[in-house]
Amino acid sequence: MMSLRHRRPHAALIAAALCLVTTLTGCSDSGNGSSSSSTPPASASASVSVSSSETGKGEVKVTIKGFAFHPAKLEVSPGTKITVTNEDSATHTLTADDKSFDTGDLAQGKSATITAPSKPGSYSYICTIHPNMKGTLTVR
Ligand SMILES: [Cu+2]
């Protein structure tokens, strides 16, 4: 207990010292932050790939926009929850060809959660209102 109590002030001091140092160095090289490579441009590359690494059992999202599913191809683990959101003004659905999952009608701004089938395989789906809208859910 004593040793633990002794550590805390030290850690705080070190943290404070580090703060001070970073503040000082931050002040000293205040030329123009042109050479600082610390902040990569946080644009692009945010959406699209929900592939292999990011699937797991976590929540997966599909957005319907511009009469298309985004992403149209998705690979998930069995039983993954998939939240489908319609951002179009038109009503859409996300319905498996074999009806193993179906959001039902989604009006603008609405979302529904479907559960990926437990059986591995490739499940194609459409919007029942606009059957030319197609996507594929792969379970494995
Ligand atoms: Cu539709």
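Hydrogens, waters and symmetry mates play no part in the numbers below; they use all other heavy atoms, side chains included. Sequential numbering from 1 along the given sequence is applied to the chain's residues. Note that ligands are numbered from 1 as they come in the structure, with each ligand's atoms numbered from 1 the same way.
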For residues 101-111, please give each side-chain donor-acceptor pair under 3.5 Å, one per line with the distance, not counting sequence neighbours.
unit_1, atom_1, unit_2, atom_2, d
Asp102, OD1, Thr95, OG1, 2.7
Asp102, OD1, Gly104, N, 2.8
Thr103, OG1, Leu94, N, 2.9

Closest non-hydrogen atom pair between Met133 and Ala68, with its separation: CE-N, 3.7 Å

Leu74 reachable from Phe67 in the ILVMFWY side-chain graph, under 4.5 Å edges: yes

For the Cu ion (ligand 1): protein N/O/S atoms at distances below 2.8 Å: 3

Ile114/Val84 under side-chain contact (heavy atoms from CB on, under 4.5 Å): CA gap, chis, key distance, verdict: CA-CA 8 Å; Ile114 56 172; Val84 183; 4.3 Å; yes

Salt bridge (Lys or Arg N to Asp or Glu O under 4.0 Å) partners of Lys134, counting only residues at least two apart: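 So Lys134 forms no salt bridge (Lys or Arg N to Asp or Glu O under 4.0 Å) with any residue.
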
Solution key, residues 117-125 side-chain donor-acceptor pairs under 3.5 Å, sequence neighbours excluded:
unit_1, atom_1, unit_2, atom_2, d
Tyr123, OH, Lys119, O, 2.5
Ser124, OG, Asp97, OD2, 2.6
Tyr125, OH, Ala72, O, 3.4

